[in-house]
Amino acid sequence: MRERILAAINAIPHGQVLGYGEVAARAGLPGRARLVARLLANNDEPQLPWHRVLRSDGRIALPEGSSGWHEQTQRLRAEGVVVENGRVKKPAPPRDLDAAVWGPG
DNA sequence: AATTTGACCCGTC
DNA sequence: AGACGGGCCAAAT
């Protein structure tokens, strides 16, 4: 299942972000958000786009001021994501409502 | 083995 | 927006 979660995180498109819960759900593990967090805390894959994973509030999960916090903030900004005061604005919502309902197509 | 801890989430107030 | 309680599960004490 670990690979499942890693795959879900790897599946996050550039410039888009996802919540732990959503990642867990996409990985087939609804309610196991903490498990995702655990994996990231023990992330072995250096290329893993962990910076695209946020809290459901759109806030960065790491404590503000910590190196990881800066890391995630910078990486997100590098992808065009607007980060302010440790929180992400508009957590990459679908542009079209139809697309959200009917899927990306 | 019991309790605490941790990159969390949801409903409710 | 923020605070509370309940759920979830594996590692660390």
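Residue numbers begin at 1 in each chain, while the letters A, B, ... track the order of the sequences. Predicted model only: the values in this text are computed from it and were never measured.
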**Message:** So if I take every side-chain heavy atom of Arg55(A) and compare against dC8(B), dG2(C), dA7(B), which nucleotide ends up nearest?
**Reply:** dC8(B)
**Request:** Assess the side chains of Glu79(A) and His51(A): does a donor N or O sit below 3.5 Å from an acceptor N or O?
**Result:** yes
**Message:** Checking side-chain polar atoms at under 3.5 Å, does Asn10(A) have a donor or acceptor matched by the opposite partner on Glu45(A)?
**Reply:** no
**Message:** Is the phosphate of dC8(C) approached by Arg32(A) (side-chain N or O, under 4.0 Å from OP1 or OP2)?
**Reply:** no
**Prompt:** Touch check for Trp69(A), heavy atoms < 4.0 angstrom, all strands: base, sugar-phosphate only, or nothing?
**Reply:** nothing
**Request:** With a 4.0 Å heavy-atom cut-off, tell me which residues in residues 22-30 of chain A come close to DNA chain B, sorted by residue number.
**Result:** none
**Request:** Answer yes or no: does a side-chain N or O of Arg2(A) lie under 4.0 Å from OP1 or OP2 of dA10(C)?
**Result:** no
**Asked** In whole angstroms, how far is the C1' atom of dA7(B) from the CG atom of Leu48(A)?
**Response** 12 Å
**Item:** Atom-to-atom span, CG of Asp57(A) to P of dA7(B) - whole angstrom
**Value:** 16 Å
**Asked** Atom NE2 in His70(A), atom CD in Glu64(A): separation rounded to 0.5 Å?
**Response** 8.0 Å
**Asked** Quick one: which of dA10(C), dA7(B), dG2(C) gets closest to the side chain of Tyr20(A)?
**Response** dA7(B)
**Message:** Using heavy-atom distances to pick each residue's nearest nucleotide on DNA chain C, tell me which of Arg59(A) and Leu35(A) is more 5'.
**Reply:** Arg59(A)
**Item:** Phosphate OP1/OP2 of dA10(C) contacted by Arg38(A) side-chain N/O (<4.0 Å)
**Value:** no
**Asked** Starting at the 5' end of DNA chain C and moving along, which residue's nearest nucleotide shows up first, Gly31(A) or Asn42(A)?
**Response** Gly31(A)
